[in-house]
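In what follows, every heavy atom counts, from backbone to side chain, and hydrogens, waters and symmetry copies are set aside. If you're wondering where the values come from, they're calculated on a predicted model, not measured in any experiment.
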Amino acid sequence: MPELPEVETVRRGLEKMVLGDTIEQVSALYPKIIQGDPKNFCQLLKERKILSIDRRGKYLIFNLSGELSLISHLRMEGKYFVKSSSDPLEKHTHVVFSLHGGKQLRYNDVRKFGRMELVPTSQKFEVSGIKKLGPEPTKAAFDTSVFYHKLNQKKKVVKTALLDQTLVAGLGNIYADEVLWLSRIHPETPSYRLNEQEVKLLHDNIIIELAKAIRAGGTTIRTYTDAFQHLGSFQFELHVYGKKGMPCERCGASIEKIVVGQRGTHFCPVCQKVK
DNA sequence: TTCTCTGTTAGAGA
DNA sequence: GTCTCTAACAGAGA
């Protein structure tokens with residue numbers, strides 16, 4: 001499911017619904033979601049208050065009382081929502097956080113790829129995965145010339161490079177295709193062939209597009225919902241993802257779908273030429 | 001029925 | 001180090 005805009009939308013929803021709540025008890029119905037000992041995980045969370053909720057790349061970080069943080073990655077289809085403890089459990093709910101006052105924060109994940117981990121708050125950015133992340137895609141953090149030099153050193157094609165979270169954090173398969181179309185760059189262009197001007201354009205489009213998608217509450221293609229179980233609306237603003245065979249909005253050519261780095265990749269064969 | 005596809009990433013092997 | 005491929009899993013749609 002989620003790329004950066006969807007995770008950010010989930011984070012904002014959770015802030016509204018569970019910030020300040022205290023965990024009474026936790027049950028891990030599908031323990032493989034949890035890194036480390038699941039019993040220990042459930043035990044450690046008891047009576048912790050949710051003080052703040054951060055995001056880094058596609059990772060959610062719940063900061064809890066007693067200097068403990070819960071790192072959560074939704075991978076393909078992970079979802080959070082809040083229900084009353086009296087509501088029947090959904091089919092794919094795998095971790096239940098019972099909060100004082102009768103609410104439950106439920107983690108639901110059809111494909112069971114999501115992962116959770118507890119770490120001391122002081123080490124929340126040091127866990128594997130987060131430690132290796134590149135800059136957030138914001139004007140303040142994401143530097144064009146650093147991006148250019150990193151792309152320049154890579155042998156991969158640009159689409160694959162964009163999915164590499166160490167160059168810039170947060171892009172996934174949908175937004176990678178979208179920013180390449182916006183920048184008129186063919187997804188199979190070797191990343192070292194991009195000149196500074198093209199990289200600047202790509203860089204700016206990444207910042208603009210992810211911010212726009214956050215404003216739209218993310219993209220719902222099949223199953224994504226935020227913590228309120230609302231759909232996103234950015235799917236109505238996509239230009240190429242999922243548009244195979246439809247006319248390019250710029251030139252009218254038929255959008256093609258190919259496989260790049262084992263991922264479905266959409267592009268316009270006329271506006272996006274390989275260099 | 002059976003096959004292919006799906007918003008991710010860690011880890012193995014070259 | 002760097003790159004590529006696979007596995008983890010379930011369901012929708014052809």
Can you tell me if A:Lys257 touches the phosphate of B:dT6, counting only side-chain N or O atoms and a distance under 4.0 Å to OP1 or OP2? yes

Please evaluate residues A:Glu117 and A:His73 with respect to the criterion side chain to side chain donor-acceptor pair (under 3.5 Å), reporting the C-alpha separation (whole Å), side-chain torsions for both, the decisive distance (0.1 Å), and the verdict. CA-CA 9 Å; A:Glu117 181 177 5; A:His73 198 298; over 6 Å; no

Flag the pair A:Leu163 / A:Asn173 as yes when at least one side-chain heavy-atom distance between them is below 4.5 Å, and no otherwise. yes

Would you indicate, yes or no, if B:dG7 has its OP1 or OP2 atom less than 4.0 angstrom from a side-chain nitrogen or oxygen of A:Tyr241? yes

Quick test of your reading of the model: are A:Asp54 and A:Arg11 salt-bridged, counting only N-O distances below 4.0 Å? no

Rounded to the nearest Å, what distance is computed from the CG atom of residue A:Leu163 to the C1' atom of nucleotide C:dC3? 14 Å

For a quick check, with a 4.0 angstrom heavy-atom cut-off, what is the B/S/- contact string for nucleotides 4-14 of chain C, read 5' to 3'? -BB-BBBS---

When all nucleic acid strands are considered with a 4.0 Å heavy-atom cut-off, which category describes A:Gly114: base, sugar-phosphate, or nothing? nothing

Tell me whether the rings of A:His230 and A:Phe228 are parallel (<30°), tilted (30 to 60°) or perpendicular (>60°). parallel

Any A:Lys58 side-chain nitrogen or oxygen under 4.0 Å from OP1 or OP2 of B:dT9: yes

State, with a plain yes or no, whether a side-chain heavy atom of A:Phe81 is found less than 4.5 Å away from one of A:Thr93. yes

Watson-Crick and G-U pairing of DNA chain C, under 3.5 Å, as dot-bracket with | and [ ]: .|||||||.|||||

Distance, C1' atom - from C:dC3 to B:dG7, rounded to whole angstrom: 23 Å

Is any side-chain N or O of A:Arg263 closer than 4.0 Å to OP1 or OP2 of B:dG7? yes

Do A:Asp164 and A:Thr160 come close enough that some side-chain heavy atom pair is under 4.5 Å? no

Check: A:Tyr80 ring centre within less than 6.0 Å of A:Phe62 ring centre: yes

Between C:dG11 and B:dT9 - P atom distance, rounded Å: 23 Å

Is A:Glu77 salt-bridged to A:Arg222, going by a charged N under 4.0 Å from an acidic O? yes

Side chain to side chain, A:Ile185 and A:Leu201, heavy atoms closer than 4.5 Å: no

